[in-house]
Amino acid sequence: YEIRPRDWSSDVCSSDLFTGDDENDGDQGETTRNRNRFDDSDGCALVTGRGTEIRMKQLYLSHKLKGVAAPVSVFVLLSVVILPLDFTGDRTDGIFHYLIAKTALKYPSYFFDLWGKPIFTLTAMPFAQFGFRGMHFMNVLIATATAWLVFLTAQRLKFRHAWLAYFLVLLTPVYFQQLYTMMTEPLFALWLAWIIFLFVDEKPASAAVFASLSPLVRQEGYFLIVLMLFIYLWKGYYRFLPHLLLGLLLFSFLGFLFQ
């Protein structure tokens with residue numbers, strides 16, 4: 001039997017291909033046992049026997065489409081529920097965040113306003129130009145991306161029912177309620193999901209850099225930096241500890257230049 005390496009750059013199916021010749025194999029059951037093998041992780045179907053390989057790359061495309069179907073469905077569902085609402089569920093802080101984002105181009109100093117949260121202001125600014133519905137659309141995009149990242153993280157951690165991540169995120173009552181406000185919580189949830197995904201995906205440097213920027217999304221980001229500090233000390237990631245300060249140092253330097 002020949003084991004071929006995974007290679008999607010060619011026309012060969014990415015799963016390891018097992019080829020053989022029944023006539024040269026004293027035990028035909030050995031070849032038959034590999035017949036109709038399906039590797040769900042790659043979406044590649046193999047039929048082996050008498051040296052025959054049937055490469056079904058279409059199944060790979062089908063597998064990829066299944067991965068896209070869930071986030072697209074989430075986006076459509078949230079759009080139907082959230083976008084028709086031309087009001088906000090918040091009457092205080094959310095209104096100020098919206099006004100800061102809407103007028104940031106006219107008053108550039110708002111991009112450095114710590115109360116308004118600079119990263120939120122920069123993210124929300126183009127959507128705020130379209131009013132409340134523009135902000136709701138931003139939250140729909142954020143919620144879809146957050147649920148997808150949590151799903152991918154669950155997959156990386158080998159959870160058996162990773163698909164439940166979509167329900168666990170979107171059906172959390174407090175989280176769903178925030179989607180038709182203009183608060184910073186949904187964006188911070190996305191930011192946190194992205195940091196966790198990077199860490200689980202063994203990218204500690206990138207995770208530390210994004211964690212260092214988290215106070216510019218929400219004030220709780222300072223606690224996240226402290227938590228990441230202890231985690232990195234525990235894991236022995238000493239060389240990545242300076243990364244936890246990069247975001248705030250960069251923001252302070254830009255603020256100094258702007259002033």
Side-chain angles (χ1 to χ4, degrees), residues 5-9 14-16 39-44 60 63-72 74-75 117-124 138-139 141-170 172 175 184-254:
R6 301 174 186 271
D7 182 13
W8 274 105
S9 61
S14 74
S15 294
D16 297 337
D39 183 356
D40 187 55
S41 63
D42 287 328
C44 173
Y60 169 76
H63 182 74
K64 290 300 181 184
L65 287 176
K66 288 179 182 178
V68 174
V72 169
V74 168
F75 174 78
K117 299 296 174 286
I119 290 181
F120 177 85
T121 301
L122 183 63
T123 304
M138 180 189 74
N139 284 338
L141 293 175
I142 287 174
T144 303
T146 302
W148 181 60
L149 280 173
V150 174
F151 165 73
L152 292 180
T153 302
Q155 277 193 326
R156 294 291 194 279
L157 294 173
K158 307 297 184 183
F159 288 177
R160 291 183 58 188
H161 303 292
W163 55 271
L164 285 173
Y166 290 103
F167 296 95
L168 294 176
V169 171
L170 300 176
T172 303
Y175 180 78
T184 58
E185 280 83 353
L187 182 60
F188 187 75
L190 173 62
W191 205 265
L192 180 60
W194 175 239
I195 293 171
I196 294 173
F197 173 78
L198 289 174
F199 187 81
V200 170
D201 204 37
E202 299 182 354
K203 295 181 175 64
S206 299
V209 171
F210 279 94
S212 71
L213 292 167
S214 58
L216 306 180
V217 183
R218 269 192 70 79
Q219 205 75 6
E220 289 82 354
Y222 290 108
F223 296 100
L224 178 60
I225 291 177
V226 175
L227 177 62
M228 295 285 284
L229 173 64
F230 284 109
I231 292 175
Y232 277 44
L233 289 173
W234 175 57
K235 298 283 288 186
Y237 294 156
Y238 305 116
R239 64 192 181 100
F240 299 120
L241 293 179
H243 292 65
L244 293 172
L245 298 175
L246 282 179
L248 292 178
L249 290 176
L250 176 63
F251 176 73
S252 300
F253 178 70
L254 292 176

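Keep in mind that the numbers below use all heavy atoms, side chains included, and drop hydrogens, waters and symmetry copies. Owing to the predicted nature of the structure, the values given are computational and were not obtained by experimental measurement.
- Between Phe240 and Pro204 the shortest heavy-atom distance is CE1-CG, 3.4 Å.
- The distance from the CG atom of Leu187 to the OG1 atom of Thr123 is 5.0 Å, given to the nearest 0.5 Å.
- Panel note: side chain Trp194, backbone Leu149; no donor-acceptor pair is recorded below 3.5 Å.
- When each of Leu250, Ile119, Leu246, Ile195 is tested with Leu213 by the rule side-chain contact (heavy atoms from CB on, under 4.5 Å), just one qualifies, namely Ile119.
- The side-chain heavy atoms of Tyr222 and Leu248, taken from C-beta on, include a pair separated by under 4.5 Å.
- Contact record, Thr146 with Ala189: CG2-O, 4.0 Å, taken as the closest heavy-atom pair.
- Once rounded to the nearest 0.5 Å, the distance linking CZ of Phe120 with CE of Met138 reads 4.5 Å.
- Residues Ile225 and Pro215 are in side-chain contact: their nearest non-hydrogen atoms beyond the backbone lie under 4.5 Å apart.
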Is there a side-chain contact (heavy atoms from CB on, under 4.5 Å) between Val74 and Leu170 once you walk through the steps?
CA-CA 9 Å; Val74 168; Leu170 300 176; 3.3 Å; yes

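- Residues Phe151 and Phe159 fail the side-chain proximity criterion, which asks for heavy atoms closer than 4.5 Å.
- Taking CZ of Phe210 as the start and CG of Leu244 as the end, the distance is 13.5 Å to the nearest 0.5 Å.
- Taken to the nearest 0.5 Å, the CZ atom of Phe199 stands 15.0 Å off from the CZ atom of Arg156.
- Nearest heavy atoms, Ala147 versus Tyr166: CB-CD2, 3.7 Å.
- Scanning both residues, Tyr232 and Ala207, for their nearest heavy atoms gives OH-CB, 3.6 Å.
- The structure places CZ of Arg218 at 4.0 Å from CD of Glu185, a figure rounded to the nearest 0.5 Å.
- Within the model, atoms CG of Leu157 and CZ of Phe197 stand 10.5 Å from one another, a figure rounded to the nearest 0.5 Å.
- Considering every non-hydrogen atom in both Ala193 and Thr153, the closest pair reads O-OG1, 4.5 Å.
- When all heavy atoms of Ala143 and Tyr175 are compared, the pair lying nearest together is CA-OH, 3.3 Å.
- Under the 4.5 Å side-chain criterion, counting only non-hydrogen atoms from C-beta, His243 is not in contact with Tyr237.
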